[in-house]
Amino acid sequence: MVNRTSYQTVFLFRFFLKRERVKLLIWILSFLIMTLSVAIAFTGLYQNEQERAAMAETMKNPAMAALVGQGYGLDNYTDGAMLAHQMLLMTAVVVAIMNIILVVNLTRGDEEEGMLEMIRALPIGRLAPTHAVVLVVGCTNIALAGVIAAGLSLLNIASIDVLGSLLYGSVLGATGLFFASVTLLFAQLANNTRASLMLSFIVLGIAYFVRAIGDAGNNTISWFSPLGLVLGAEVFVNNYWWPILFTLFLSGCLYAVALYLNFTRDMGVGFLPSRIGKQHASRWLQSPLGLALRLQRLPLICWVIGMFVIGASYGSVLGDLDTFFQQNEVLKQMLASDQDVSITEQFLSMLMVIMAIIATVPVVMTLMKVKSEEKKQRIEHLLARAVSRTKLLGSYVVIAFGTSVVMLLVAVSGLASTGLAVLAIDTTFATLVQAMLVYLPALWVMVGLSVLLVGVAPKVTALSWFYILFTFVVVYLGQLLDFPTWMASLSPFAHIPELPMEMLRYKPLIVLTMLAVGLTFIGFLTINKRDVNG
């Protein structure tokens, strides 16, 4: 029976791999370039042991541990220990996101689009598609672990040895396999793609915050999070392998359960009960705006909750930062270059731009929904009625602009809920709101770019996501990696005045707003002149 259920698995594996090869190659190369760039930058960032010890002191702050992970090797803060401490957690989270998206697209995504039904019409085994997906995911994570391990080893940095490099890559691969198994399980439980994605991302968020709570206080709690578990490998310090093996064991157990559920469930349904909808749609739901908002209700609610939690987490970092940094003269020279601006204000400005870039994700995701609906050939049913293309696209644009305001307000509300009580400087809620909403023109430029791509070249709308990634790298890591100034200026976020550290300047805000309006206008013109998919 096993052979019959797995028949043609290798054929489907080759088919899926060929279909996704470009995306997977881009993901792997992006991780490789980022990891090697940061590793090289760390070697020249600190000139002596005193500066390394000063940075290690900052990482002993529980709030910093909650953000980047529990510090290992702080007594001897080498380049390897620094790389694993400050980069491994963030990279592991992005690897988890990659695997979640990959598994959902190859399982429930293909199922909703009818591709799986056509595949099963061929002489293949019942479990062959699932086995093929697992092989694709497994090979992707193994390749990712291998290239990163090889790349770090070839840098010839004294504290980044071959064994530690192999463990560094294995941590990323094991994290990807674990969340791939989680997503595969939810793909059987949920009824559709959106629910599978949301449940998987909720697990990832819970894993991150459980680890944050444990790293900031009781370290035992961190072991109950898969992210805390893999970080317990203590890469480049003690190099423990058992957390990786245990994570792979858990992944195998989840995969076995998902495989059993996949064998027993019917196509197009899930095991979790779904609420029966109303027999007749309301007048609001019959409008393009109401329908677009209803299709994205669950993801937007999850993002609202997530942005508030992110803001609240960052707000807890703000307590007594000045006092903490002033205890070390080297830190005071490194971080407080401007004597008129406190370290807390500098850190607050950095948090604002980070949260604004994160808020860009749900904003662009909202607008990309119109492209997804077109790809599934659902838009033509709306355009066949008394609905123009301008009105249809305008509905998604209105939601995107509204989402940008809501996400920033929710994030700053979360920041204020925990930050105002512990801030060492005299800051009001109105000041925080102003410092956050000043990034609205930058978000609107991202919206305008997405509208332009939807109108001109819908097949390359993925460029919006790469532009967001580019923005995060040049704005957040640009100074660390010593990027040229012109590269940072390519991002709209680099032109926003960093309140409260800087004075409010209206000229760049007006220019960015006009640019956003121009891009959006061109997008509306071009979508009326091109063919609609279907």
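We're numbering straight along the sequence, starting at 1. Everything numeric in this text was worked out from a predicted model, so none of it was measured.
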Non-hydrogen atoms of Ala356 and Leu443 that approach each other most closely: O-CD1, 3.7 Å
Could you grab the distance from atom NE2 of His85 to atom CG of Leu231, nearest 0.5 Å is fine? 9.0 Å
Derivation of the side-chain contact (heavy atoms from CB on, under 4.5 Å) call for Cys139 and Phe13: CA-CA 10 Å; Cys139 290; Phe13 162 70; 3.9 Å; yes
Measure from NZ or CZ of Arg19 to the centre of the six-membered ring of Phe16 and say whether it is under 6.0 Å with the direction within 45° of the ring axis. no
Looking only at non-hydrogen atoms, find the nearest pair between Arg211 and Leu227 and report the distance. CD-CB, 4.3 Å
Is Ser225 reaching over with its side chain to a backbone N or O of Ala207, donor-acceptor style, under 3.5 angstrom? yes
Atom CG of Leu172 and atom CD1 of Ile28: how far apart are they, to the nearest 0.5 Å? 11.5 Å
Could you check if a side-chain atom of Tyr208 sits within less than 4.5 angstrom of a side-chain atom of Leu89, using non-hydrogen atoms only? yes
Show, in sequence, the C-alpha distance, side-chain angles and deciding distance for Tyr506 and Leu504, and conclude whether the side-chain contact (heavy atoms from CB on, under 4.5 Å) test is met. CA-CA 7 Å; Tyr506 290 99; Leu504 179 61; 3.3 Å; yes
Please round to the nearest 0.5 Å and tell me the distance separating atom CH2 of Trp465 and atom OG1 of Thr360. 9.5 Å
For Cys302 and Ile202, work out which heavy atoms get closest and say how close. SG-CD1, 4.5 Å
No-hydrogen, no-angle side-chain donor-acceptor test under 3.5 Å, Trp444 and Ser404: yes
Any side-chain heavy atom of Pro497 sitting closer than 4.5 Å to one from Leu509? yes
Counting only heavy atoms not in Lys23 (residues, nucleotides, ligands), do more than 12 fall under 6.0 Å from its NZ? no
Tell me, do Met352 and Ile496 make a side-chain contact under 4.5 Å, heavy atoms counted? no
Any side-chain heavy-atom pair of Leu254 and Leu184 under 4.5 Å: no
Sequence-distant partners of Lys391, salt bridge (charged side-chain N to carboxylate O under 4.0 Å, His left out), two or more places apart: none
Other residues, nucleotides, ligands: >12 heavy atoms within 6.0 Å of Phe521 CZ: no
Val454 side chain reached by Thr461 side chain, heavy atoms, under 4.5 Å: yes
Just list the side-chain donor-acceptor pairs under 3.5 Å for residues 91-103, sequence neighbours left out, or say none.
residue, atom, partner, partner atom, Å
Thr91, OG1, Met87, O, 2.7
Asn99, OD1, Asn141, ND2, 2.7
Asn99, ND2, Val95, O, 2.8
Asn99, ND2, Asn141, OD1, 3.2

Shortest non-hydrogen contact from Ala258 toward Gln188: O-CG, 3.6 Å
State the CZ-CZ distance between Phe179 and Phe186, to the nearest 0.5 angstrom. 10.5 Å
Just checking Met115: does its CE atom have more than 12 heavy atoms from other residues, nucleotides or ligands closer to it than 6.0 angstrom? yes
I'd like to know if the side chain of Thr35 and the backbone of Leu32 have a donor-acceptor N/O pair within less than 3.5 Å. no
Rounding to 0.5 Å, atoms CG (Leu515) and NE2 (His495) come to a distance of 9.5 Å
Does Leu295 reach the side chain of Tyr396, with side-chain heavy atoms less than 4.5 Å apart? yes
Ser450 side, atom OG; Tyr467 side, atom OH - distance, nearest 0.5 Å: 11.0 Å
Looking at residues at least two apart in the chain, or sitting in another chain, which of them share a salt bridge (charged side-chain N to carboxylate O under 4.0 Å, His left out) with Arg21? none
Under 4.5 Å between any side-chain heavy atoms of Tyr439 and Met355, yes or no? no
Examine distances only and state if a side-chain atom of Arg108 and a backbone atom of Ala195 form a donor-acceptor pair shorter than 3.5 Å. no
Hey, does Leu463 have a side-chain heavy atom less than 4.5 Å from the side chain of Leu453? yes
Between Pro362 and Thr366, what is the shortest heavy-atom contact and its length? O-OG1, 2.7 Å
Given Ile522, which of Val517, Ile527, Leu452 fulfils the side chain to side chain contact (heavy atoms under 4.5 Å, CB included) condition? Leu452
For a quick test of reading the model, state the closest non-hydrogen atom pair linking Met487 to Val474 and the distance between them. CG-CG1, 3.7 Å
